[in-house]
Amino acid sequence: MAEKKIPLSKEQLGALTERFPTPFHIYDERGIRENARRLKAAFSWNAGFKEYFAVKAAPNPFLMKILTAEGFGSDCSSFPELLLSESVGVVGEDIIFTSNDTPAYEYKKAKELGAIINLDDISHIQYLEDEVGLPDLVCCRYNPGPLKGGNAIIGHPEEAKYGFTREQLFEGYRILCDKGVKRFGLHTMVASNELDGSYFVETAHLLFELVAELSAELDIEFEFVNIGGGIGIPYKPEDEAVDLEAVGEGIRKLYEEWIIGKGLKPLDLRMECGRMVTGPYGYLVSRVLHKKNTYKQFVGLDACMVDLMRPAMYGAYHHITVPGKEAAPLDLVCDVTGSLCENNDKFAIDRAIPQVDIGDLVVIHDAGAHGHSMGFNYNAKLRSAELLLREDGEVVEIRRAETVEDHFATLDFEGLRGFQA
Ligand SMILES: *Cc1c(COP(=O)(O)O)cnc(C)c1O
């Protein structure tokens with residue numbers, strides 16, 4: 001069971017909304033830090049263990065700075081994400097650049113920063129060499145295809161656009177060797193939002209075996225394996241969080257067998273989780289704007305799909321609580337909606353919540369990853385602010401709400417005046 005609590009009381013939230021109008025996202029620094037320490041502890045048996053936070057999950061430099069202080073690196077997938085990482089002083093091999101369909105200027109920036117470049121395709125070896133030059137250290141992304149079953153969000157590996165086939169990996173590392181690359185890593189990511197911990201143990205197993213085979217066949221040494229991200233979080237109250245300690249221990253046993261047991265060079269274990277790092281510690285705080293009763297009951301919020309698109313995009317469940325009404329019976333079955341002119345702009349469908357009144361605060365849980373960052377501006381909706389609840393109880397604004405001026409900044413109203421329609 002996952003307890004769905006809010007780190008602020010109804011009164012504290014109410015006071016906060018006088019400083020910061022709803023809707024806003026708020027992150028809980030204490031929760032993020034404690035969780036980060038737990039993750040590190042679960043893998044402390046591996047001297048070189050490192051988590052590279054998947055920046056796309058919550059690309060806010062304040063959050064990144066907290067995670068950097070906890071010893072995490074950055075997993076970047078685009079030029080702006082590389083800049084964000086640089087802005088918090090995370091450079092060099094504390095960055096892994098895992099992108100796909102990558103433009104040359106992004107590779108160039110990654111190489112300039114000394115980031116670990118993780119290639120998505122065999123053809124990118126030549127592309128990287130031609131456009132930017134090959135770095136000393138290269139990582140390749142493996143797609144196990146039919147060797148590995150799929151998972152709901154990422155799909156079956158053979159349908160996924162990511163990574164090298166097994167044959168291409170052997171060929172790819174051989175080409176890299178011939179071109180003078182000396183240092184190697186191996187990466188895969190085959191699950192997203194996966195709550196079954198054994199999935200990650202199997203993924204490590206897959207990579208350890210492959211490292212043993214590649215090392216033997218090509219006479220090369222690997223420095224690390226990166227098992228990707230994808231650790232799920234208990235979005236539903238009845239879900240069970242992944243037992244990190246059991247995953248750590250399961251991977252340790254396989255490491256002893258496949259790496260130490262086979263006399264291979266010690267290997268650093270890396271991962272690049274996003275969701276499980278910040279997801280449960282972010283809340284979307286909104287207010288009931290309207291109630292509507294037609295063929296169904298609707299509770300309309302002042303937040304909408306641009307603040308959190310997961311329910312509309314994947315039918316994802318996000319728990320909803322009404323501060324101050326935690327103990328009230330859940331006797332209002334309704335659709336909880338936003339205001340976009342899209343009928344899928346619903347945070348919940350046929351959800352039982354307490355009876356709410358117009359003006360009540362409503363908190364949507366587990367919005368701390370792939371929440372604000374997936375935001376968009378359809379219907380010319382403006383993106384909400386991000387706040388941080390510090391460990392001492394202070395609340396700081398770490399991103400202000402967008403204004404109309406921000407939204408129109410790319411339009412040329414000057415030019416419009418002289419433009420004849
Ligand atoms: C999205 C992504 C991650 C992070 O995934 P989470 O589900 O947030 O843990 C890590 N690595 C790659 C390559 C990704 O695409």
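These numbers were taken from a predicted model, which means no experiment stands behind them. Order of appearance sets the numbers: ligands from 1, and atoms from 1 within every ligand.
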Enumerated ligand 1 atoms positioned under 4.0 Å from heavy atoms of [X]:
X: G274; answer: 4 (C), 6 (P), 8 (O), 9 (O)
X: G229; answer: 9 (O), 10 (C)
X: D75; answer: 10 (C), 11 (N), 12 (C)
X: T98; answer: 13 (C)

Is the NZ or CZ atom of [X] positioned over [Y]'s six-membered ring, under 6.0 angstrom from the centre and within 45° of the axis?
X: R183; Y: F224; result: no
X: R19; Y: F24; result: no
X: R141; Y: Y162; result: yes

Discussion item. Please tell me whether F222 and Y173 form a close aromatic pair, meaning their ring centres lie under 6.0 Å apart.
Written reply: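 Under 6.0 Å, so yes.
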Discussion item. Counting the benzene-type ring for Trp, do F208 and Y255 have ring centres under 6.0 Å apart?
Written reply: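 Yes, close enough.
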Worksheet entry | Main-chain N/O of F20 paired with T17 side-chain donor or acceptor, under 3.5 Å |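 No; judged by distance alone, with no hydrogens or angles, the pair does not exist.
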Item to complete: With heavy atoms only and a cut-off of under 4.0 Å, state how V277 meets ligand 1: side chain, backbone, both or neither.
Response: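 Neither part.
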Practice prompt. Measure R141 to ligand 1 on non-hydrogen atoms and call it side chain, backbone, both or neither using the 4.0 Å cut-off.
Written response: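 For R141, only side-chain atoms sit under 4.0 Å from ligand 1.
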Discussion item. Less than 4.0 Å is my threshold; does some heavy atom of C273 fall inside it relative to ligand 1?
Written reply: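 Within the 4.0 Å threshold, so yes.
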Please indicate whether any nitrogen or oxygen in [X] is less than 3.5 Å from any nitrogen or oxygen in ligand 1.
X: I231; value: no
X: H370; value: yes
X: E272; value: yes

Item to complete: Would you indicate which of M276, H187, K56 comes nearest to atom 14 (C) of ligand 1 when only heavy atoms are counted?
Response: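 Ranked by closest heavy atom to atom 14 (C) of ligand 1, first place is K56.
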Item to complete: Name the option, out of A191, G232, G230, that contains the heavy atom nearest to atom 7 (O) of ligand 1.
Response: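 Looking at heavy atoms only, G230 sits closest to atom 7 (O) of ligand 1.
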Item to complete: Go through the side-chain N and O atoms of R310 and H370 and say whether any donor and acceptor fall under 3.5 Å apart.
Response: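 No pair is found: no donor N or O on one side chain lies under 3.5 Å from an acceptor on the other.
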Worksheet item: For atom 5 (O) of ligand 1, what is the nearest protein heavy atom, given as residue, atom name and distance?
Response: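 Heavy-atom neighbour on the protein nearest atom 5 (O) of ligand 1: M189 CE, 3.6 Å.
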Discussion item. Would you say that more than 12 heavy atoms from the other residues, nucleotides or ligands in this model lie under 6.0 Å from the NZ of K10, or not?
Written reply: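 No.
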Worksheet item: Under 30°, 30 to 60°, or over 60°: which ring-plane class applies to F97 and Y107, parallel, tilted or perpendicular?
Response: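 Geometry flag for Y107 against F97: perpendicular rings.
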